[in-house]
Amino acid sequence: MSTTAPVGTGPRPTIVLVGHGMVGQRFLEALAERGLTATHRVVVLCEEPRPAYDRVALTSYFSGKTPEDLSMTDMAFIEKEGIELYIGDPAETVDREARRVTAKSGQVFEYDILVLATGSYPFVPPVPNKDAEGCFVYRTIEDLLAIEEYAKTKATTGAVVGGGLLGLEAAGALKGLGLNAHIVEFAPRLMPVQVDDGGGAALLRTIENMGLTVHTGVGTQEIVTDESGAVTGMKLSDGSELATDMVVFSAGVRPRDQLARDCGLTVGERGGITVDEQCRTVNDPHVFAIGECALAADGRVYGLVAPGYEQAETAAATIAADEAAFTGADLSTKLKLLGVDVASFGDAHGATEDCLDVVYSDSRAGLYKKLVIGRDGTLLGGILVGDAEAYGTLKAFTGSVPPVSPESLVLPAGAGESVQLGPTALPDDAIICSCNNVRKGTIRSAVTDHQCTTVPEVKKCTKAGTTCGSCVKVLGQLVNAELEASGVEVDKGLCGCFGQTRQELYEIVLALRITSYQDLLDRYGREGARGGDGCEICKPAVGSIIASLAPTLGVSGYVLEGEQASLQDTNDHFLANLQKNGSYSIVPRIPGGEITPEKLIVIGEVARDFGLYTKITGGQRIDLFGARVEQLPMIWARLVDAGFESGHAYGKALRTVKSCVGQTWCRYGVQDSVRMAIDLELRYRGLRSPHKLKSAVSGCQRECAEAQSKDFGVIATANGWNLYVGGNGGATPRHADLLAQDLSDAELIRLIDRFLMFYIRTADRLERTSTWLERIEGGLDHVRDVVVHDSLGICDELEKLMADHVANYRDEWAETINDPEKLARFVSFVNAPDTPDPLVSFVPERDQIKPDLPLLTIGTRPLEGTATR
Amino acid sequence: MTLAPETTDLKVQLLLDGTGDWFTVCDLARLTPGRGVAALLPDGRQAAIFLDRSGRLYAIDNRDPFTGAAVLSRGLLGSAQGRPFVASPLLKQRFDLESGKCLDDEEVAVTAYEVRSAGVAA
Ligand code: SRM
Ligand SMILES: Cc1cc2nc3c(=O)[nH]c(=O)nc-3n(C[C@H](O)[C@H](O)[C@H](O)COP(=O)(O)OP(=O)(O)OC[C@H]3O[C@@H](n4cnc5c(N)ncnc54)[C@H](O)[C@@H]3O)c2cc1C
Ligand code: SF4
Ligand code: FES
């Protein structure tokens, strides 16, 4: 892909950037900020098949991020700045005499300034068979896709060579892919560079508890293969052999300086292009090197992104003839490796003369915290393993004498005199975001001088928090503290219209029997919002509160009735899920996932007759995609006729209760899990709640229905049912907690009634039971007290609310197709009810349809994802 | 909002740019306060028409510039600092209903139309 520079501006000096990685991209942004993209032609040679992406977050691919999510390159930026970006076309030779770069494609570019940002390559120790099938490295998205493919098809065990930062990440990825993962580390402890023996020991215990096998103090001698040449194991230096189906080398990185060597630039003894403090190569004033390929003026090659960013800024400033220098950088890091917090900062290993240690260690809890303190009490550095909560504050205090005793900073909360040092205690020049070198003062002035009032605004304004994200927590505290200090009360209100939380609004609606949104807004809204039209946040939230309390308030619970219709998000308003091209999907309820052949045939016939795309969902039912808005009533008329009802896939309501086949068929089952799943689904269907609700019932402890990942999950025991609550899949998975054991059918249902109604009453908007359980004061114990032991004396009321809901449930779709006035809304055009929206169009794929997306892009900007809820 | 009996015959009309003609869309009674409807214009373009709680009408282009889909009429209406807006139902960007300007990205805007309700002889 390329964009051409505007013509007719006369010859402009050319900057050629080789390497479009993280640092290269930052360099381009710095050029643009300094106006250099306007005065220069900028050419970028990018070797990888995609523009710059977030390598630091590579591993998040395994927790659901897509390669697109990882992208750091806004193509609109590249286009706007007139940058010529050549993807998949690496530089092959540099002729410094002629100032000319030749790319692999044969293109030749003359440069006035050449910037090398070629990064590193993974070091693979020269052991026999290191290139065998099943051997990988871990650096690029392509590496990761290859590892995933191999792990899924050919491997059950995987070994990582190297127990450093990247090695642990790679091992975590292998484990996440379902392999038995081993780590082989030559040094006597894990993460030898960042942590000391004590920290390594705490880390080791925690990582072994997760089911990874760690071999320290042994080297890899040879990769063993079978006749076909595929990996079967590895020989270790202690004589033992480890059986494994794949090997990932993660034994460090080396600067990619070959291009520089070939054109006669000086490189360091252990690699790295030698540059001065301005990041200019020492041999050639026209050539710069930045990022991991550079050997900085302080004699170091930095393997972290933050110093690379600083070098990018320095090079851009120097090119703009501004003064700048890169004299060295802090190597502090905070990582979440396999879910364990690990941080090291400053002089972590106590290299300073006469320094003293303060150590807190609790091997049972996998905690290790060490602070290095100077003679005069100055905090010099430290290591935190297992709990790195204090990292942001401690790092910022490094180099000064903290205002409280160092012990109190590492003791866990509740242990004697632990002190929470708020970020307010920090000096203004403390660095809060080390990735982007943002100081506390800059963040404060973003709030005071630039009127930023939220973390996203401050991020945009200062760049703080936009890289590794580890500083965002402190950032939030600082923004709030600053707002409070300037007299702004930190607002916990639902939105710009209401100063109350969702829970407070629920109580108001219930106590005063308020049945109208407008009434609530005009009486209890914020001053300026009264009499107005509300907003897209509070309307559905209040709509949901009124709907969940409808029988108690004495109003219809039908979401298309009267004012309710104007409060619903588009999905609820059309009782279907809006898709990216404006069409809708339809999910009929299939309680417990049990369905007769007749009903399956009806779904098949309806899908065929209306040309819909069909897919089995993750919730044990069938989704029909590609319906136009005007087809929804006709489709539902057929479905309702066959005995189907709304599956509420569109609502913040009960979704599915999954089941396993259970006692009826399964040789292990101890209760009838299908029947219980159907009972629960029919009981709670249609219940509007702060967020969606999911459930499952398993017939025995083998848990085939995955009940422990649900908002309320049920597992059969020989004596009855165990009830688990607060489970979640999604982006932040959480295992459910056991609420009560060995319940009878009636006890189980009574407890779920109470639990759900208590959640609906007290949760925030869009807060799943998992986050609610973590947030609510007292947590699980408190919830158990309330719903099991009735500590608040509200259980009768909760049960009554649920009984009202159950008694008043009606199917929304059956009600809608019988109401001509409501049906009139199901048209693409109010003035042409029979005309379909021409933009809703489909093209074939794998014998079905998919949206014709190119049609949508005509005349619009590139898609930008923001909030999707 | 209840419509007074004499207003039930009122029609929603849109001023077509360029021509100076008022284009009749539908009965005012077809609009729900706080929500929109989509209208097909003679040149094939689509307009999203909204009614706020005080009975004022607004019209902007129906096409969401962020996704290309014609869905703005299905967004929720709101007001901030006294100015009405609609939030796109797809990715939730908000658009000022009077000017068509996107409130979340100053470089983006949609066309705003003049719209009125008028008694029209049957
Ligand atoms: C259709 C389906 C995917 C599939 O093809 O299988 C699906 C599709 C969507 N999911 Fe899902 N999810 C589907 C099962 C799941 C599951 C699996 C499950 O339920 O067992 C999960 C993880 C379990 C969980 O929720 O804890 C899941 C976690 C999410 C999340 C993350 C929730 C979270 O708490 O982090 C979202 C986003 C959200 O709700 O904010 C989401 C949101 C969505 C939305 C609504 C996104 C959107 O706003 O457009 C998708 C629209 C569906 C549509 O248009 O019809 N979907 N989604 C599945 C429908 C199940 C059903 O029959 O109702
Ligand atoms: C899994 C993983 C996790 C990490 N975690 C962290 C972390 O938590 N914190 C942290 O600070 N750092 C972390 N890092 C390191 C961080 O990613 C690097 O420091 C950073 O990417 C360096 O940026 P760069 O632009 O110098 O190199 P790169 O991002 O590697 O970019 C260099 C680019 O140049 C290209 N290239 C090379 N030669 C040529 C050529 N001849 N022509 C054209 N293009 C060429 C390469 O293909 C590559 O795309 C991690 C790295 C990995 C792999
Ligand atoms: S959870 Fe138990 S009863 Fe249900 S299918 Fe699995 S093994 Fe059988
Ligand atoms: S410290 Fe990495 S984003 Fe701020």
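No experiment lies behind these values; they were computed from the predicted model shown. Chain identifiers are assigned alphabetically (A, B, ...) following the order of the sequence lines, protein sequences preceding nucleic acid strands; residue numbering begins at 1 within each chain.
Between A:Gly582 and B:Ala69, the shortest heavy-atom distance links the atoms N-CB, 4.1 Å. A:Ser566 approaches B:Pro33 most closely through the heavy-atom pair CB-O, 3.2 Å. Across every non-hydrogen atom of B:Phe85 and A:Cys535, the tightest pair is CZ-CB, 3.9 Å.
Ranked by heavy-atom pairs under 4.5 Å with chain A, the first of B:Gly44, B:Cys26, B:Ala70 is B:Ala70. Chosen from A:Ala832, A:Ala565, A:Gly528, the residue pairing most often with chain B at heavy-atom distances under 4.5 Å is A:Ala565. Counting heavy-atom pairs closer than 4.5 Å to chain A, the top-ranked of the candidates B:Thr32, B:Val25, B:Ile49, B:Asn62 is B:Val25. Most heavy-atom pairs under 4.5 Å with chain B, from the set A:Glu563, A:His573, A:Glu821: that is A:His573. Note: B:Leu76 leads B:Leu76, B:Val12, B:Val86, B:Asp104 in heavy-atom pairs under 4.5 Å with chain A. Ranked by heavy-atom pairs shorter than 4.5 Å toward chain B, the options A:Gly562, A:Cys538, A:Gly531, A:Pro851 are led by A:Gly531.
Proximity to chain B involves both the backbone and the side chain of A:Ala824, based on heavy atoms less than 4.5 angstrom apart. Using a 4.5 Å cut-off between heavy atoms, B:Arg30 touches chain A through its side chain atoms alone. With a 4.5 Å cut-off on non-hydrogen atoms, B:Ala87 touches chain A through its side chain but not through its backbone. In this structure, the portion of A:Val629 lying under 4.5 Å from any heavy atom of chain B is its side chain and not its backbone. Contacts of B:Val71 with chain A are made by side-chain atoms alone, with heavy-atom separations under 4.5 Å and no backbone atom involved. Interface remark: B:Phe23 contributes side-chain atoms only to the contact with chain A (heavy atom separation under 4.5 Å). Looking at A:Thr835, only its side chain comes within 4.5 Å of chain B, counting heavy atoms on both sides. For A:Leu853, no part lies under 4.5 angstrom from a heavy atom of chain B. The part of A:Leu567 that comes within reach of chain B is its backbone (N, CA, C, O), which places non-hydrogen atoms under 4.5 angstrom from that chain.
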| query | Going through the checks in order, is the side-chain contact (heavy atoms from CB on, under 4.5 Å) test met by B:Val37 and A:Arg825? | reply | CA-CA 8 Å; B:Val37 295; A:Arg825 297 178 189 159; over 6 Å; no

| field | Pair B:Thr67-A:Lys580, side-chain contact (heavy atoms from CB on, under 4.5 Å): steps then yes or no | value | CA-CA 7 Å; B:Thr67 60; A:Lys580 59 205 300 179; over 6 Å; no

| Trace of the side-chain contact (heavy atoms from CB on, under 4.5 Å) decision for A:Asp837 with B:Gln46 | CA-CA 9 Å; A:Asp837 175 359; B:Gln46 305 185 19; 2.9 Å; yes

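Atom CD of B:Glu98 has more than 12 heavy atoms from other residues, nucleotides or ligands within 6.0 Å. Other residues, nucleotides and ligands place no more than 12 heavy atoms under 6.0 Å from the NZ atom of B:Lys101. Residue-environment remark: CD (B:Gln81) stays at or below the threshold of 12 foreign heavy atoms within 6.0 Å.
The closest side-chain heavy-atom distance from A:Leu839 to B:Arg63 is below 4.5 Å. Here the side chains of B:Lys92 and A:Asp569 are in contact, with some heavy-atom distance below 4.5 Å.
With hydrogens and angles ignored, the 3.5 Å screen pairs a side-chain donor or acceptor of A:Asn831 with a backbone N or O of B:Leu40. Side-chain N or O atoms of A:Lys539 include none that pairs as donor or acceptor with a backbone N or O of B:Gly78 at under 3.5 Å. Here the side chain of B:Ser79 pairs a donor or acceptor atom with the backbone of A:Asp533 at under 3.5 angstrom.
Salt bridge A:Asp522/B:Arg53: present, at least one basic N to carboxylate O contact under 4.0 Å.
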